[in-house]
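Have a look at the structure below before the remarks.
Hydrogens, waters and symmetry mates play no part in the numbers below; they use all other heavy atoms, side chains included. In the text below, chain A, chain B and the rest are named by the order of the sequence lines, each starting its count at 1.
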Amino acid sequence: MMKIYNTLTHQKEDFKPIEPGKVRMYVCGLTTYDYCHIGHARMLVAFDVVVRYLRAIGYQVTYVRNITDIDDKIIRRASENGEGFGQLTERFIRYMHEDEAMLHVLPPDIEPRATGHIAGIITMVKTLIANGSAYAADNGDVYFSVPGFANYARLSRKHPDELLAGARIEIDETNKHDPRDFALWKSAKAGEPGWESPWGFGRPGWHIECSAMSTTCLGHTFDIHGGGSDLMFPHHDNEIAQSEAATGKHFVNLWMHNGPVRVNDEKMSKSLNNFFTVREVLKKYPAEVIRYFLVASHYRSFINYSEETLQISWDAVERFYHALKGLDTTGVIAALDTGYEARFHAAMQDDFNTPEAIGVLFELAREINRLRNEDAGKAASLAVLLRQLAGLLGLLESDPAEFLRTGSAVDPAAVESLLAQRLAARTAKNWAEADRIRDQLKALNVVVEDRNGVSGWRIERPVQD
RNA sequence: GGCUGGAUGGCAGAGUGGCCAUGCAGUGGACUGCAACUCCACGUACGCCGGUUCGAUUCCGACUCCAGCCUCCA
C-alpha cells in the first residue's frame with residue numbers, strides 16, 4: 001500500500017485514488033520568463049519520480065503540469081527586452097523543454113498554458129461573481145472576497161485575523177474590500193497585453209489560472225496537487241478558495257509539496273539573485289549527477305546545493321557505474337528473489353523515500369561487485385535489477401563506460417593504442433615502460449584500471465574548488 | 001509576532017523503543033608487478049533538561065538553536 005504525506009492533514013495517508021487504478025495529478029509548473037534554476041529542477045524531478053513510480057506500480061496516471069505564460073513579470077521582462085511577451089515565453093518554454101530532457105524528466109501528459117485557457121478563466125470568474133464570492137472593482141479589476149470563504153488558508157493553517165494584521169496594503173490594492181482579497185482579473189494598463197472580458201481589457205490573476213486549468217483538465221475533484229512548498233501560501237490556499245467557491249465541490253484530496261533548495265546554506269531565491277540555472281550546472285556536472293543529488297534527499301526536506309554536495313553525488317553515481325561496468329547484461333533477466341527489490345519498493349511506498357531506496361541500491365551494487373568474479377551470470381542478473389530499480393528514479397540510464405568518460409576531450413582510439421602498448425610491456429614484465437605509459441595517460445586525465453587481465457580506462461573528473 | 005518543519009558519527013543523509021542504514025572521507029587488511037577499481041574489518045552518532053518504560057536517539061513535556069512561509073518565487 002502506497003503511503004503519501006498529505007500537506008493538508010500533516011500526515012502520511014494510504015493512497016486511494018478516486019477512480020481505482022487511475023491517478024489524476026496536477027502540478028504547478030513554471031512562469032516562463034527566465035531560465036530554469038536548480039529549484040525548478042528539484043520540483044520537476046521530484047514529481048517526475050512520483051509519476052514514474054505510480055506508473056511502475058500499475059497506476060494509469062494523467063499528469064498535468066501547467067505553464068504560466070502571462071503575468072506581471074513576463075510583461076515587464078518583455079518590455080525591457082523590447083519584444084512581445086509571446087516571443088519571450090516561447091523562447092523560455094523551449095529552453096525549459098530542453099532542460100527537462102537533459103535531466104531525463106518525462107514530459108507531462110498535458111501541459112496547459114494560461115493563455116490557452118482565457119475563456120475558461122473568464123467563465124470561472126463570472127461564476128464567482130454570480131455566486132457572491134468575488135466582486136468587480138471600478139477600475140476593471142476583479143477580486144476574490146476572502147472573508148466570504150469559510151476555512152480560508154486551511155492548507156497553510158494561517159489564522160485569518162493574523163493575516164489581516166500582517167497584510168501589506170499597497171497603493172494598487174486600494175480597490176479591495178478587504179486586504180486579504182486577491183485579484184482574479186487585472187485590468188490592463190496602457191500598452192499592456194490582454195484579452196477582452198466582461199470587466200474590460202485585462203489578464204487573469206495568477207491563482208485563477210491554476211484553478212481553471214486543473215478543473216478543465218482533471219475535473220472538479222482530483223487526486224493529487226503538487227508544487228513547491230513556497231507555493232503553499234498564498235497560491236495553493238487561494239486555488240482551494242477559488243475552486244471550491246466556484247464548483248461547490250471538494251477540490252483536491254492530496255497535496256504534495258517539495259522542499260526548497262538552498263545554495264551554500266543560504267536561501268536561494270529570485271530576489272536574492274543567488275540562483276543557479278540548470279544550464280550552468282549542467283556545464284559542470286553530468287545530468288545524472290544532478291538528478292542523483294536531487295533524489296538523494298527526501299523530496300520534502302530542504303537540500304543544499306554546493307560544490308561539495310555535488311562532488312559527493314558524482315562519487316556516488318560513479319560507484320554505481322563501476323558496479324555495472326563490464327557486465328554483459330544483454331538478454332539477461334533480472335534476479336527476482338533477492339529481497340533488494342522488496343526493500344526498494346517498501347522504501348518508495350513509504351512516501352517516496354528515495355534516500356532509503358538508494359541505500360538499498362548501494363547494497364545491491366556491493367553484491368554485484370562481490371559476485372562478479374565468482375558468478376558472472378548472477379552478477380549480470382543483479383545488474384539488470386539494479387538498472388531496473390534505478391530506472392524508476394530516472395537514474396543509471398547511461399552506458400557505464402561512456403559515463404565514466406564524461407567530459408573527456410581525449411581521442412578514445414589514441415587511448416586504446418597506448419593501452420595496447422602498455423599491455424605488451426606488461427606481458428614482457430617491462431614494468432618501467434608500463435608505468436611510463438600509465439603516467440602518460442594520467443597526464444591526459446585518463447585513469448587505467450586493470451581487471452582480470454583486461455585494462456579499462458576512465459576519465460579523472462575535475463574537482464571543483 | 002503567527003504558521004510549518006528541523007537539530008543524527010569528519011561531511012552528506014535515512015531510520016528505529018532494545019540488533020546493520022547507506023554514500024564520501026579516514027584507519028587496518030585482501031587483491032594487484034605497483035597502482036586504480038573492488039572486497040573484508042573498524043569508529044562508544046543521535047541539541048539540552050525532565051518524564052513514561054525493564055530499556056529512548058526513537059514516545060510525552062519544557063528549553064535552546066536553526067530554517068521556510070506570512071512579499072515575486074519550485
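In this view, A:Glu192 and A:Arg203 satisfy the side chain to side chain donor-acceptor pair (under 3.5 Å) rule, not counting sequence neighbours. Under the side chain to side chain donor-acceptor pair (under 3.5 Å) criterion, A:Arg262 pairs with no residue at all, not counting sequence neighbours. Qualifying salt bridge (charged side-chain N to carboxylate O under 4.0 Å, His left out) partners for A:Arg91, counting only residues two or more places apart in sequence or in other chains: A:Glu83. Taking A:Asn373 as the reference, A:Asn452 meet the side chain to side chain donor-acceptor pair (under 3.5 Å) condition, with sequence neighbours excluded. In this structure, the salt bridge (charged side-chain N to carboxylate O under 4.0 Å, His left out) partners of A:Arg113, at least two apart in sequence or on a different chain, are A:Glu90. A search for side chain to side chain donor-acceptor pair (under 3.5 Å) contacts involving A:Thr7 returns A:His257, not counting sequence neighbours.
Evaluation of the salt bridge (charged side-chain N to carboxylate O under 4.0 Å, His left out) test over residues 356-370 of chain A, restricted to residues two or more places apart or in two chains, returns A:Arg343-A:Glu363, A:Glu367-A:Arg370.
Counting any heavy atom pair closer than 4.0 Å across all strands shown, A:Arg157 reaches sugar-phosphate atoms only and no base atom. No engagement by A:Val27 is indicated, since no non-hydrogen atom pair under 4.0 Å with the nucleic acid exists. Nucleic acid contact class of A:Lys73 (heavy atoms, under 4.0 Å, all strands): sugar-phosphate only. Using a 4.0 Å heavy-atom criterion, one finds that A:Ser313 contacts no nucleic acid atom at all. Within the 4.0 angstrom heavy-atom criterion, base atoms lie near A:Val448.
Contact annotation: side chain of A:Lys325 to base of B:C37, donor-acceptor pair absent below 3.5 Å.
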Under a 3.5 Å cutoff on both atom distances, Watson-Crick or G-U, what's the dot-bracket for RNA chain B ([ ] crossing, | other strand)?
(((((((..(((.....[...))).(((((.......)))))....(.(((..]....))).))))))))....
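Taking every side-chain heavy atom of A:Met268 into account, B:A74 is the closest of B:C37, B:C39, B:A74. Ranking B:C69, B:C37, B:C39 by closeness to the A:Lys158 side chain, first place goes to B:C69. The side chain of A:His159 sits closest to B:C3 out of B:G68, B:A74, B:C3.
The neighbour count for A:Glu266 CD, taken as heavy atoms of other residues, nucleotides or ligands under 6.0 Å away, does not exceed 12.
Ring pair A:His298/A:Tyr5: centre-to-centre distance not below 6.0 Å. Taking the ring centroids of A:His37 and A:Phe276, they lie at or beyond the 6.0 Å cut-off.
Near-neighbour residues of RNA chain B inside residues 88-115 of chain A, defined by a heavy atom below 4.0 Å, are absent. Of the residues in residues 227-242 of chain A, those with a non-hydrogen atom less than 4.0 angstrom from any atom of RNA chain B are A:Gly227, A:Gly228, A:Asp230, A:Leu231, A:Phe233.
A sub-4.0 Å separation between OP1 or OP2 of B:G15 and a side-chain N or O of A:Asn353 is present. Using a 4.0 Å cut-off, some side-chain N or O of A:His10 falls inside it from OP1 or OP2 of B:G5.
Checking side-chain atoms of A:Ser306 against main-chain N and O of A:Thr309 turns up a donor-acceptor pair under 3.5 Å.
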Protein within reach of the bases, or only the backbone? For nucleotides 28-34 of chain B, mark each nucleotide 5' to 3' as B, S or -, using heavy atoms under 4.0 Å.
-----BB
Output one line per pair: protein atom, nucleotide atom from nucleotides 18-27 of chain B, and distance, for all N/O pairs under 3.5 Å.
residue: B:G23; atom: OP1; partner: A:Arg366; partner atom: NH2; Å: 3.0

